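Presented below is the structure to which this report refers.
Since we're looking at a predicted model, the values are computed, not measured. Residues take their numbers from the sequence shown, with the count starting at 1. Both counts, for ligands and for their atoms, begin at 1 and track the order of listing.
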Amino acid sequence: MQIPSPIEEFQFNNHKFKVKRDDLIDPFISGNKWRKLNYQLAEATRLKKNHIVTFGGAFSNHLLATAAAGAKFKFKTTAIVRGEKVDNEILFFCALFGMNLIFVDRTTYKDKENLFEKLFSEDPSAYFIDEGGAGALGQQGCEDIIHEINLPISNVFCAAGTGTTAIGILKTLQSKYPESILHIIPVLKNLKLETQILNSIPDAKNYIIHEDYHFGGYAKTTPQLLNFIKKFTSTTGLIIDPIYTGKMFFAMFNLIEEQKVKYDENFVAIHTGGALGSLGMRNKFDF
Ligand SMILES: *Cc1c(COP(=O)(O)O)cnc(C)c1O
């Protein structure tokens, strides 16, 4: 595993920027999913629980990361997968890493804690990790992203699904780089991030939530976004995906080009990983 992850410089549309390459941490335990698992696995170990039970959709980067980390660090892993039984590349890798897959319908899936109780109350080794690795320990891991950076930063960009990563980043950024601004790009509609941020960081400041870059909602896309991704990846060599990082980089360049942010060369984009999860979207592209 590559920790600290490197920070590299890129250029796109004549603008230089830096990328914190959390996508390079591990091919399967990718990006922010390692950040979010790190302290939760340590806590499971401390509690002598060697069976990780977690939750996600059929193309979840988090399930894949948990399966790979489980195999590497000697945990048994079980995934509760949302929806009817399917087979795809991600679940294939999960199974190969030894993860046990349990498919449940969408209604049953909703009450995760209850489901965990019902299925694993007899198993003292079972340890609950929420969907996407969300939670306080997940957030703590994301605080490390900024701890690892030792360059000037003016603006930071990151995608938000649950918002765990953004909140962790903001916490460190505020104290270490009090002049810099965090730009959060929610990838779904109606993410109630503001309240969540203020609950975790009562004196939160210097952040902007950009609500207009979800492209219709979670895993929704448009030809404009897909064309951006094609151009971006083919000219930078960075794989970005249509669910998370594609929307973030689109937003970053849109804000720069429309001069809604004051550009300088100290923009840092957090590459949260997710290349393999985008396999579920490959049919949206026409080549
Ligand atoms: C899961 C994921 C996110 C979202 O992270 P949150 O902490 O849930 O906001 C962002 N980018 C990628 C690539 C992801 O896999």
Side-chain angles (χ1 to χ4, degrees), residues 5 19-40 54-69 79 82 90 93-94 129-146 156-172 182-197 200-201 207 209-211 213-215 217-219 221 225 229 232-233 238-252 269-281:
S5 67
V19 180
K20 176 67 170 157
R21 298 290 309 270
D22 270 18
D23 57 318
L24 296 181
I25 289 176
D26 183 274
F28 297 98
I29 318 170
S30 114
N32 66 342
K33 299 305 183 279
W34 168 248
R35 304 288 183 185
K36 295 200 271 183
L37 281 171
N38 186 7
Y39 293 108
Q40 307 204 61
T54 194
F55 301 80
F59 273 100
S60 163
N61 294 320
H62 166 68
L63 291 188
L64 179 55
T66 306
R82 184 181 58 235
I90 297 301
F93 282 125
C94 287
I129 294 185
D130 206 348
E131 178 173 343
L137 289 171
Q139 187 182 309
Q140 191 189 335
C142 297
E143 293 171 23
D144 292 341
I145 299 172
I146 303 296
V156 177
F157 289 78
C158 92
T162 64
T164 309
T165 305
I167 295 171
I169 288 173
L170 184 60
K171 213 162 189 172
T172 323
L182 176 65
H183 300 267
I184 304 169
I185 294 58
V187 301
L188 54 157
K189 276 190 211 168
N190 306 322
L191 181 66
K192 297 277 172 280
L193 208 49
E194 188 80 37
T195 340
Q196 234 179 293
I197 291 175
S200 302
I201 316 174
Y207 66 92
I209 304 171
H210 297 281
E211 306 273 5
Y213 296 99
H214 56 67
F215 291 86
Y218 185 75
T221 183
L225 177 63
I229 292 172
F232 186 90
T233 294
L238 268 178
I239 293 275
I240 58 173
D241 72 272
I243 302 172
Y244 296 106
T245 56
K247 292 179 182 180
M248 173 197 65
F249 278 110
F250 183 100
M252 180 169 119
I270 310 297
H271 197 316
T272 40
L276 289 175
S278 71
L279 286 172
M281 303 282 285

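- The distance from ligand 1 to the heavy atoms of Gly274 drops below 4.0 Å at these ligand atoms: 13 (C).
- Residues Ile201 and Leu170 have side chains in contact (heavy-atom distance under 4.5 Å, counting atoms from C-beta outward).
- Which of Ala65, Gly161, Ser278 comes nearest to atom 9 (O) of ligand 1 through a heavy atom is settled by distance: it is Gly161.
- If you check each of Thr162, Ile169, Asp22 against atom 8 (O) of ligand 1, the one with the closest non-hydrogen atom is Thr162.
- The shortest separation from a heavy atom of Gly31 to ligand 1 is not under 4.0 Å, leaving the residue out of contact.
- When all heavy atoms are compared, the tightest approach of Thr54 to Glu131 is OG1-N, 4.5 Å.
- Heavy-atom proximity to Thr272, at under 4.0 Å, picks out these atoms of ligand 1: 10 (C), 11 (N), 12 (C), 13 (C).
- Using 4.0 Å as the threshold, Lys36 has a heavy atom nearer than that to some atom of ligand 1.
- Numbered from 1 in the order shown, with element, the atoms of ligand 1 that lie under 4.0 Å from a heavy atom of Thr164 read 7 (O), 9 (O).
- Among Gln139, Arg35, Gln140, the single residue meeting the side-chain contact (heavy atoms from CB on, under 4.5 Å) criterion with Thr164 is Gln139.
- For ligand 1, the atoms closer than 4.0 angstrom to any heavy atom of Asn61 are 14 (C), 15 (O).
- Residue contacts with ligand 1 leave out Gly132, since none of its heavy atoms falls under 4.0 Å from the ligand.
- When each atom of ligand 1 is checked for a heavy atom of Ala160 under 4.0 Å away, the hits are 9 (O).
- Taking every heavy atom of Thr165 and a limit of under 4.0 angstrom, the matching atoms of ligand 1 come to 5 (O), 6 (P), 7 (O).
- The closest approach between Ala166 and ligand 1 stays at or above 4.0 Å for every heavy atom of the residue.
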